[in-house]
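Scroll down for the structure; my scribbles are underneath it.
Below, read A as the first sequence line, B as the second, and so on, with proteins coming before strands; counting in each chain starts at 1.
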Number of protein chains: 2
Amino acid sequence: MPATLRDVADRANVSVRTVSNVVSGYEHVSEKMRSRVLAAIAELDYRPNPVARTLRTGRTGMLGLIVPEIDVPYFSELARDVINAAAEVGYRVMIDQTGHDHERERQLLTGEDRTMLFDGILFSPLVTRDELREMNAATSMPLVLLGEHEFDGHYDHVAIDNVRAARDATAHLLSRGRTRIAAIGAQPDESYATPQQRTAGYEMALSEAGIEPDPALLHPAAHYSRADGYAAARDLLAASIPPDAIFCYSDLLAMGAMRAVFDSGLRVPEDVAIIGIDDIEEGRYSRPTLSTVSLDTPFIAREAVARVAARIEDPDAPAEEIVAPHTLLARESTLGSGS
Amino acid sequence: MPATLRDVADRANVSVRTVSNVVSGYEHVSEKMRSRVLAAIAELDYRPNPVARTLRTGRTGMLGLIVPEIDVPYFSELARDVINAAAEVGYRVMIDQTGHDHERERQLLTGEDRTMLFDGILFSPLVTRDELREMNAATSMPLVLLGEHEFDGHYDHVAIDNVRAARDATAHLLSRGRTRIAAIGAQPDESYATPQQRTAGYEMALSEAGIEPDPALLHPAAHYSRADGYAAARDLLAASIPPDAIFCYSDLLAMGAMRAVFDSGLRVPEDVAIIGIDDIEEGRYSRPTLSTVSLDTPFIAREAVARVAARIEDPDAPAEEIVAPHTLLARESTLGSGS
DNA sequence: TTGTATGCGTTATCAG
DNA sequence: CTGATAACGCATACAA
């Protein structure tokens, strides 16, 4: 049986109030009392019960991090940084996977999942803007959106400028002399903000270079996985006039696409240059190394945690929008000399 | 203000006892009562408070998954499966990263970390056997070890047969005609079970082939990361008589080692064949694709969750040892035809 | 089968 | 500065 506050109080001959004060680091406690209590705590190996504390205070000290799949490198690298950033401000993180299941996302966000015990949520959404708006009414949980860059004043957002990131990536391919540039990652459903913004940036860069975007070069991808990138690239390469470069909306898509290029008997970047977005570590060791748009994940994690923590303190604070920096990293998959 | 059990009771004109019975799915409740209560629950949008329930029952419904780093692909893929397996039996999972910090591991295991609120722990240890034994005394938390295969009757274990897995991998390299086979991943500290067992399997395979193990070919690696694999392989390749094959104790080490081979102007597998252990998805798309020993992660996750759930039910049950199956997957990095 | 009352371990209110 | 005591929301022993 673990010792309780009451046990410590009895042992030290003080009231539970005083013990609680000492444990919680209350200012006004006499030195005598404090040391007496501290001794009792040590002797009994007392530890506060976080559950009882939560019941009383209404705070769990936990943040929920909701992602589609934790084994997607971008999300696991983000999770690492979020967990660390949260620990620094006294929060722990519970990861929930939605598995691309909209219904599951809804349950999580509306609190219909009865086991919700977070003080706040960091949510990397797959849902559409409309769905998000509906959920808004159902819950009052402090919520920060990650990577959903469509600021509507309802939620705090932390994301890169997707349009510019995509434009930068595409412009880089253009600067390497490529003209027939394909894109992988567009979503058939137009209400997803992120892919749409990336498509916009891609088309913007082409237009700026005086190139008319070719719809046949805009390839959808449902899951941003290696498999989807592979399948999409095979499709593109089988066309009568294949692309000489591919801009992938995620590094994972790019890893699959690179493999597809090789399996088609072509070379990267000589025949097809490839660039992604995310800067996962895998791309720094692949052959060739992957050019990409690097997101400052530690920055995103830190800001997101700070935002949600602030909102927990003041639920009525106006929603803020944080734009995270991004950097283009040119590696072998667009520069050559790799393979 | 969320509705409580009492609110529902008042609304339905019944006692809290009855409401609690309905919510908990108690058998003997009359249909009249049940429907009356259910209606009130719906009207008030009542949801049980999990924290209060926990304080009362002593159960949190949470499992802790303790890993060195969640962004290591093997662990993130394992985490995905553990979260899913746990959900199927009604548990949620909180991930804790130790970051290769022994002190942090100790805190987590001994419950010195005062925020411990798990019913049980799945622990992928970095600690040595001695440390683990010491911790045993300090906590009574149900604990299942993952990947630590040194059964001593204290804890439940779920792991592959490391000796055989390593022997199989090495034997595969031998069967491909390689004779100067290096290994990356040994630990300087002899008290870590897993690397030691893999080294034993490696040496066993060599001996069976009549080859005397060469200590110069046994290269340590602290973190099983791409960077460590890279550095180790560079070392090995710089030797006067470089190896013609490398057995890496993890796929991630192998990814780094492959890159090092290329950066040294050599080819995989023509000049140096490479095999890993884990079967992470990355190795199915790399160039060349990576030969490896595949661990049945879903099996490991399912068994581990089942074990810890059983131990939560009966803390005094004898410790069990589960040996997970492994399969050798020969891919391009040992067979050729890849690059 | 259902109602009443107690306690899980804390924090916080109110006196002293 | 410290002591006694009432909640927090739920589950259950005991009664009816």
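Within the 4.0 angstrom heavy-atom criterion, only backbone atoms of the sugar-phosphate kind lie near B/T4; the bases stay farther away. Across all strands shown, B/R53 has heavy atoms under 4.0 Å from sugar-phosphate atoms exclusively, and none from any base. A/V14 comes within 4.0 angstrom of the backbone, heavy atoms only, and of no base.
Under the 30°/60° scheme for interplanar angles, the aromatic rings of A/H102 and A/Y192 are found to stand perpendicular.
Projected onto DNA chain D by closest heavy-atom contact, B/A3 and B/R17 fall at different nucleotides, the more 5' of which corresponds to B/A3. Mapping A/S20 and B/V29 onto DNA chain C via the closest heavy atom, the residue that lands nearer the 5' end is B/V29.
For C/dT10, the base has no donor-acceptor partner in the side chain of A/R56 [N/O atoms by modelled type, under 3.5 angstrom]. Between the side chain of A/R59 and the base of C/dT11, no donor-acceptor pair under 3.5 Å is found.
In this model, the phosphate group of D/dC8 is not approached by any side-chain N or O of A/T57 to a distance below 4.0 Å at OP1 or OP2.
No donor-acceptor contact under 3.5 angstrom links the side chains of A/E105 and A/H100, judged on distance only.
Among the nucleotides D/dA11, C/dC8, C/dT2, the one closest to any side-chain atom of B/L55 is C/dC8. Comparing atom distances between the A/A52 side chain and each of D/dT12, C/dT13, C/dT10 picks out C/dT10 as nearest. Here the side chain of A/T18 is nearest to one of D/dT2, C/dG9, C/dT4, namely D/dT2.
The only member of B/D119, B/D156, B/D316 that meets side-chain hydrogen bond (donor to acceptor under 3.5 Å, both in side chains) when paired with B/R311 is B/D156.
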